[in-house]
Student: 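To start, I am sharing the structure in question, which I have written as structure tokens.
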Amino acid sequence: MIAVDHLPVLQVVGPLIAAPICSLLRARNLAWFFTLLVSIGAFLCSIYLLNTVLETGPISYAIGGWAAPLGIEYRVDASNGFVLLIISGISSVVLPFAKRSFELEVPENQHSLLYTAYILCLTGLLGITATADAFNVFVFLEVSSLSTYVLVAAGAKQDRRALTAAYNYLILGTIGATFFVIGVGLLYMATGTLNMADLAARVGPIGGSRTLDVGFAFIVIGLALKLALFPLHNWLPNAYTYAPSAVTAFLAATATKAAVYLLLRFCFTIFGSGSGFLAPMVGLVCMPLALAGMFAGSLAAIYQYNLKRMLAYSSVAQIGYMVLGISFLSITGLMATTLHLFNHALMKGALFMALGCVFFRVRSVNINDLSGIARQMPWTMAAFVISGLSLIGVPLTVGFISKWYLISAALEQEAWVLIALILASSLLAVIYIWRVIEVAYLKDPIPGRTVTEAPLSMLLPTWALVIANIYFGVDASLTTRVARMAAEGLVGVAQ
Amino acid sequence: MRHHLILRVVSKLLIPFILLYALYVQFHGDFGPGGGFQAGVIFAAAFVLYALIFGVQAARRAFPDSWLAILIPLGVLIFAGTGIASLLLGGTFLDYDVLASTPTGGQHLGILVVEFGVGVTVTAVMIAIFFAYAGRTHEIQDDDW
Amino acid sequence: MLELFLDKYNYWIVVVLMMIGLYIVIARGNLVKKIVGLNVFQTSVFMFYISLGKAEGGTAPILTGKPELFSNPLPHVLILTAIVVGIATTALGLALVVRIRESYDTIEEDELEGMDNAVVTTERARLGTGDAA
Amino acid sequence: MMESGIINILVDISLMTLLGITAIGIVRSRNLFATAMLSGIYSLISAAVFVTLDAVDVAFTEAAVGAGISTVLMLGAMTLTRRSEKHAIKLHIGPLFVTIGIGAALIYGTVDMPPFGSTDAPGFQHIVPEYIAGSRDDIQVPNIVTSILASYRGFDTLGETAVIFAAGIGVLFLLGRRREDEEADESSNSGKGEDA
């Protein structure tokens with residue numbers, strides 16, 4: 001029973017210990033199975049943690065036995081408990097899918113290293129989410145980033161552009177992380193502490209310090225690079241396009257989510273009360289960028305012939321929605337962002353996995369090669385269409401819930417223009433999803449090509465996410481309850 | 001560089017001292033500057049020197065890939081294992097107090113062990129990285145420089 | 001004015017060094033040079049951290065038994081970690097450069113982009129004819 | 001403060017000037033071999049700066065890593081790539097403005113900072129006194145940096161080890177297999193593009 005008390009840290013340390021063990025496993029099936037077990041373990045752990053947090057409130061864990069500001073603290077509350085659940089859950093769904101996908105797309109003798117990098121990436125993402133220490137965030141951010149570069153570069157067997165994509169991601173990611181470090185340094189200089197709760201308590205009384213303002217700005221820019229906020233999104237389309245299918249599905253559904261969570265944490269928990277800088281920074285800078293990202297991303301998506309790239313640009317647009325939710329600076333806006341974190345993970349995970357199924361059979365995700373594919377791969381394309389509808393925001397899917405809360409937040413502030421813009425950008429999503437439907441369903445199959453439905457091991461995980469898209473779209477009571485608690489928790493600590 | 005007699009003799013004399021110094025840095029970190037990371041780097045530097053003078057093949061024989069494959073993960077496991085041990089002994093993760101009969105003794109033991117873990121992984125990773133680069137090129141010729 | 005300079009000169013020089021490093025990263029097109037720039041940028045950030053931990057008249061934070069004024073050891077610890085992260089990033093970045101060179105035969109950004117764009121153009125052309133048929 | 005202060009400032013400023021010259025040398029050099037050497041020199045001088053700022057552990061590490069390992073890596077990579085930059089060094093206006101903007105923001109931020117060397121800074125008042133006392137009484141390790149690194153913030157160091165491990169895995173993944181294997185692999189896979 002003692003083990004239960006240690007779950008906050010075991011959630012992260014479990015995968016951290018598993019990674020070196022995985023590198024020792026030479027048989028690739030064994031490495032895959034081991035990775036799957038680890039991921040499911042982390043998922044179960046996150047379910048337990050979130051459940052406990054919802055019932056009894058935040059859990060704090062002092063690593064090394066040193067109490068909070070001295071040592072590094074792990075602190076799980078509704079908001080990061082939710083993000084832990086998203087990351088480990090998506091990972092557990094993607095892994096069964098990943099096996100066949102990696103067998104096709106990555107050279108055989110590299111699989112145990114590949115799964116090791118995958119576990120490290122999972123470790124890093126869980127670590128940055130669970131920690132309550134600003135510098136510890138950086139360390140685990142780099143664990144996840146370095147392994148992500150490797151995972152992206154693993155697409156090089158299919159297309160050498162994966163290498164340049166990984167390199168550019170490495171350069172921009174490192175600049176982002178260094179900006180984050182500068183920001184943390186400035187905060188430390190002004191407050192003398194690195195613990196988030198302690199920072200929040202000490203930032204308040206200082207107020208109006210230029211050091212703090214600049215520190216905050218650097219942290220926001222660093223995170224904006226990591227979460228690919230327009231116009232700092234340049235690394236994302238190539239990275240998502242040329243990474244192996246399973247990696248894209250995993251990253252698109254988790255990596256940017258963790259960065260958005262960090263942005264929430266810094267904006268609201270730490271700077272919520274203290275700096276007079278928050279409101280102008282968010283209102284004048286983040287909101288226009290979010291809107292620009294929504295339109296630039298969707299418009300760029302319409303013109304792509306490579307569908308993975310199309311969805312990557314769509315992710316840029318979706319990140320715009322998340323940041324827009326933040327920029328309302330209200331509980332409803334925060335709920336919209338938190339809900340969209342979860343919902344977007346479901347829909348993008350499903351969409352990228354459906355494309356992964358297509359690639360597995362067709363060896364291409366260019367739109368013309370998909371002519372009439374729906375007749376040959378009906379289940380895959382049905383999954384694509386349903387999650388596409390969710391992306392657009394059609395009722396009875398999770399996408400609708402996100403849009404609903406986003407529009408409610410705009411309504412509260414009577415921002416009619418914003419509502420019009422949100423609806424208009426959803427129409428752009430209709431266009432690029434319809435392009436795919438038109439080609440896949442209405443055109444004739446390419447003559448002479450015999451393509452069969454994707455294997456069950458890939459189809460079932462895809463459909464698991466599709467069903468989640470519908471289930472949480474019909475009954476959003478659980479997710480909205482968590483999102484409300486998360487939003488209140490994020491703001492509440494600061495007040 | 002195989003034919004440079006002076007280099008070979010000097011480095012043969014030097015390398016044991018570099019290794020000794022690495023060990024000193026590894027275990028003296030409590031008192032002066034140094035610790036596992038620095039020691040690992042110095043240890044690896046000795047091997048890089050050896051490889052440069054006597055050839056990568058000889059260095060690979062001295063430090064075979066199978067060792068590296070085990071040592072790289074081993075260091076991380078030693079470090080994290082210390083954390084798990086303290087957890088099993090009733091403390092929180094990485095709480096060294098519980099590792100020995102007195103808290104101070106536990107702290108000393110814990111610091112020693114985790115620094116050793118860092119040293120192992122750093123040494124192995126640095127050597128592996130060097131071999132990985134070296135493995136992709138032909139021997140560097142003197143007139144290349 | 002002089003006082004402000006004496007108070008802040010260290011930070012200011014370090015900021016200038018950071019800017020030079022960052023400039024190399026974003027302005028130079030050679031992939032190895034970019035990594036060097038990243039190193040300069042990060043090393044300057046490290047100096048910034050260490051500067052803020054300096055105590056006037058202090059000594060290195062090693063206990064000698066006498067009561068002494070120490071410089072702040074916490075930034076030292078953070079930067080030790082950051083240096084390690086930096087070298088890890090450099091190693092991985094250079095490995096990527098080596099692979100890029102092997103498959104593209106160049107490490108100049110504009111040439112890489114040119115080659116990738118050429119691929120895109122041919123793909124689009126192929127797709128265009130596919131549409132007509 | 002004045003007497004020893006002035007000497008310190010002079011040493012500081014001369015080191016910093018050297019750093020500036022080296023950095024500009026890196027910007028202007030087209031020869032990548034020279035760039036790698038200059039980058040090693042930059043690290044060595046920064047190590048000297050770290051010593052003047054009392055950070056002996058950091059200086060040690062920076063010298064070993066920046067001047068040692070990372071130069072070796074640069075040279076190793078260079079034997080596999082090329083020795084000089086292709087394009088002439090010219091001023092790029094866009095990046096220049098970006099960096100100047102970022103620098104200006106940082107300078108703006110320094111205005112409210114505690115003076116350089118001041119022990120009134122919050123960093124000296126909060127937490128750190130406990131580290132010093134704890135290192136003396138509880139942990140009994142003379143090097144305070146070691147006791148924070150390995151004990152108080154040991155988890156960061158575990159993360160750091162994981163980062164090194166990740167880099168090792170990454171380099172082995174990218175370069176571990178011999179070239180011949182990959183060439184065989186690629187020829188069986190009909191080339192670079194996305195094959196339909």
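Worth saying up front: this structure is predicted, and the values here are computed from it rather than measured. Hydrogens, waters and symmetry mates are skipped; everything else that's a heavy atom, side chains included, is used.
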Student: Do you know which of D/Ala167, D/Ala77, D/Ala55 has the most heavy-atom pairs with chain C at a distance under 4.5 angstrom?
Tutor: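 Of the candidates given, the most pairs with chain C belong to D/Ala55.
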
Student: So for C/Ile79, is it side chain, backbone, both, or neither that comes closer than 4.5 Å to the heavy atoms of chain D?
Tutor: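 For C/Ile79, the side chain is the part near chain D, not the backbone.
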
Student: Quick check: closest heavy atoms across C/Val40 and C/Leu17, and the distance to 0.1 Å?
Tutor: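 Scanning both residues completely, I find the closest heavy atoms to be CG1-O, 4.2 Å.
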
Student: Who wins among C/Val36, C/Val85, C/Leu78, C/Val14 for the most heavy-atom pairs under 4.5 Å with chain D?
Tutor: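 Most pairs with chain D among the choices: C/Val36.
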
Student: Taking side chain as everything from C-beta outward and backbone as N, CA, C, O, which of these in D/Thr52 sits under 4.5 Å from a heavy atom of chain C? Side chain, backbone, both or neither.
Tutor: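 When you check distances to chain C, only backbone atoms of D/Thr52 fall under 4.5 Å.
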
Student: Which of the residues D/Ile13, D/Asn143, D/Val98 is involved in the greatest number of heavy-atom pairs with chain C at under 4.5 angstrom?
Tutor: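 Result: the option with the highest number of such pairs is D/Asn143.
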
Student: Step by step, would you call C/Glu109 with C/Lys34 a salt bridge (charged side-chain N to carboxylate O under 4.0 Å, His left out)?
Tutor: CA-CA 10 Å; C/Glu109 204 172 35; C/Lys34 273 176 182 286; 3.6 Å; yes

Student: Checking heavy atoms, do the side chain of C/Leu96, its backbone, both or neither come under 4.5 Å from chain D?
Tutor: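 Both the backbone and the side chain of C/Leu96 come within 4.5 Å of chain D.
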
Student: Output the distance between atom CG (D/Leu53) and atom CG (D/Asp12), rounded to the nearest 0.5 Å.
Tutor: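 So the gap between those two atoms works out to 6.0 Å.
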
Student: Could you tell me which of C/Gly29, C/Ala55, C/Gly53 has the largest number of non-hydrogen atom pairs under 4.5 Å with chain D?
Tutor: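 It is C/Ala55.
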
Student: Select, from D/Ser118, D/Gly20, D/Pro142, the one with the greatest count of heavy-atom pairs under 4.5 Å involving chain C.
Tutor: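 When all of D/Ser118, D/Gly20, D/Pro142 are compared, D/Pro142 has the most.
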
Student: Quick one: what part of C/Ile24 sits under 4.5 Å from any heavy atom of chain D, side chain, backbone, both or neither?
Tutor: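 The side chain, not the backbone.
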
Student: Under 4.5 Å from any heavy atom of chain C, what part of D/Arg153 do you find: side chain, backbone, both or neither?
Tutor: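 Only the side chain of D/Arg153 comes within 4.5 Å of chain C.
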
Student: Check each atom of D/Val27 against the heavy atoms of chain C and say whether the ones under 4.5 Å are side chain, backbone, both or neither.
Tutor: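 Contact with chain C involves both backbone and side-chain atoms of D/Val27.
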
Student: Using non-hydrogen atoms only, which part of C/Phe46 is less than 4.5 Å away from chain D: side chain, backbone, both, or neither?
Tutor: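 Both parts, backbone and side chain.
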
Student: Please list, one pair per line, the donor and acceptor atoms closer than 3.5 Å that link side chains of residues 102-114 of chain D to other protein atoms, with sequence neighbours excluded.
Tutor:
from: D/Thr110; atom 1: OG1; to: C/Trp12; atom 2: NE1; distance (Å): 2.9
from: D/Thr110; atom 1: OG1; to: D/Ile107; atom 2: O; distance (Å): 2.5
from: D/Asp112; atom 1: OD2; to: A/Arg210; atom 2: N; distance (Å): 2.8

Student: Could you tell me which portion of D/Val145 (side chain, backbone, both or neither) has an atom closer than 4.5 angstrom to a non-hydrogen atom of chain C?
Tutor: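 For D/Val145, heavy atoms of backbone and side chain both lie under 4.5 Å from chain C.
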
Student: Measure D/Leu32 against the heavy atoms of chain C and call it side chain, backbone, both or neither at under 4.5 Å.
Tutor: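 For D/Leu32, the contact with chain C is made by the side chain alone.
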
Student: Between D/Thr99, D/Val51, D/Ile127, D/Val128, who has the most heavy-atom pairs with chain C when the cutoff is under 4.5 Å?
Tutor: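 With the most close heavy-atom pairs to chain C, the winner is D/Thr99.
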
Student: Do you know the tightest heavy-atom contact between D/Leu44 and D/Ala67?
Tutor: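 Reported closest heavy-atom pair: CG-CB, 3.6 Å.
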
Student: What option among C/Ala88, C/Gly21, C/Ala27 has the most heavy-atom pairs under 4.5 Å with chain D?
Tutor: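 Most heavy-atom pairs within the cutoff with chain D belong to C/Ala27.
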
Student: Are D/Tyr42 and C/Ser44 close enough that a side-chain donor and a side-chain acceptor fall under 3.5 Å?
Tutor: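 Note: D/Tyr42 and C/Ser44 side chains meet the donor-acceptor criterion.
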
Student: If you look at every heavy atom in C/Ile100 and C/Thr106, which pair is closest and at what distance?
Tutor: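 Closest heavy-atom pair between C/Ile100 and C/Thr106: CG2-O, 3.9 Å.
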
Student: Measure the CZ-CG distance between D/Phe173 and C/Leu92 for me, rounded to the nearest 0.5 Å.
Tutor: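 Between atom CZ of D/Phe173 and atom CG of C/Leu92 there are 11.0 Å.
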
Student: Is it the side chain or the backbone of C/Met47 that comes within 4.5 Å of chain D heavy atoms, both, or neither?
Tutor: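 C/Met47 touches chain D through backbone and side-chain heavy atoms alike.
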
Student: Using a 4.5 angstrom heavy-atom cutoff, name the option from C/Met18, C/Glu111, C/Arg28 with the most pairs to chain D.
Tutor: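 Between C/Met18, C/Glu111, C/Arg28, the count favours C/Arg28.
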
Student: Would you mind telling me which of D/Ile26, D/Ile69, D/Asp156, D/Val49 has the largest number of heavy-atom pairs within less than 4.5 Å of chain C?
Tutor: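 Highest number of heavy-atom pairs under 4.5 Å: D/Ile26.
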
Student: Tell me, side chain or backbone of D/Ile100 under 4.5 Å from chain C's heavy atoms, or both, or neither?
Tutor: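 Both backbone and side chain.
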
Student: To check you understand the geometry: which heavy-atom pair defines the closest contact between C/Ser71 and C/Lys54, and what is its length?
Tutor: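 Taking every non-hydrogen atom into account, OG-CA, 3.8 Å.
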
Student: Let me confirm one number: the CD1-OG1 distance from D/Ile41 to D/Thr71, rounded to the nearest 0.5 Å.
Tutor: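 The distance works out to 9.0 Å.
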
Student: Name the region of C/Leu74, side chain, backbone, both or neither, that has any atom closer than 4.5 Å to a heavy atom of chain D.
Tutor: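 For C/Leu74, the contact with chain D is made by backbone and side chain together.
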
Student: Looking at C/Thr64, C/Thr81, C/Ile20, C/Leu22, which has the largest count of heavy-atom pairs under 4.5 Å with chain D?
Tutor: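 Maximum pair count with chain D is reached by C/Thr81.
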
Student: Do any N or O atoms from the side chain of C/Asn72 and from the backbone of D/Gly123 form a donor-acceptor pair under 3.5 angstrom?
Tutor: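 Yes: the side chain of C/Asn72 pairs with the backbone of D/Gly123.
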
Student: Using non-hydrogen atoms and a 4.5 Å limit, figure out which bit of D/Ala23 sits close to chain C: side chain, backbone, both or neither.
Tutor: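 The answer is both parts of D/Ala23.
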
Student: Please state whether the side chain, the backbone, both or neither of C/Asp105 comes within less than 4.5 Å of a heavy atom of chain D.
Tutor: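 Nothing of C/Asp105, per the 4.5 Å heavy-atom cut-off to chain D.
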
Student: Is chain C contacted by the side chain of D/Thr119, its backbone, both, or neither, given a heavy-atom distance below 4.5 Å?
Tutor: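 Contact with chain C: side chain only.
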
Student: How far apart are the closest heavy atoms of C/Gly86 and C/Gln42, and which atoms are they?
Tutor: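 Nearest pair, atom of C/Gly86 first, then C/Gln42: CA-OE1, 3.7 Å.
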
Student: Go through D/Thr17, D/Thr157, D/Leu96 and name the one with the most non-hydrogen pairs under 4.5 angstrom from chain C.
Tutor: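 Ranked by contacts with chain C, first place is D/Leu96.
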
Student: What distance separates D/Phe116 CZ from C/Glu56 CD, expressed to the nearest 0.5 Å?
Tutor: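 Answer rounded to 0.5 Å: 7.5 Å.
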
Student: Which atoms form the tightest heavy-atom contact between D/Val141 and D/Ser147, and what is the distance?
Tutor: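 So the two residues come closest at CB-CB, 4.3 Å.
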
Student: Measuring heavy-atom distances to chain D, does C/Leu69 have an atom under 4.5 Å in its side chain, in its backbone, in both, or in neither?
Tutor: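 It is the side chain, since no backbone atom gets that close.
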
Student: Side chains of C/Thr90 and C/Asn39: do they bring a donor and an acceptor to under 3.5 Å?
Tutor: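 Distance-only check passes for C/Thr90 and C/Asn39.
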
Student: Can you confirm whether the side chains of D/Ser43 and D/Glu62 place a donor and an acceptor under 3.5 Å from each other?
Tutor: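 Note: D/Ser43 and D/Glu62 side chains meet the donor-acceptor criterion.
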
Student: For the interface with chain D, which of C/Gly37, C/Ala82, C/Ala95 has the highest count of heavy-atom pairs at distances below 4.5 Å?
Tutor: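 Looking at each option in turn, the highest pair count goes to C/Ala95.
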
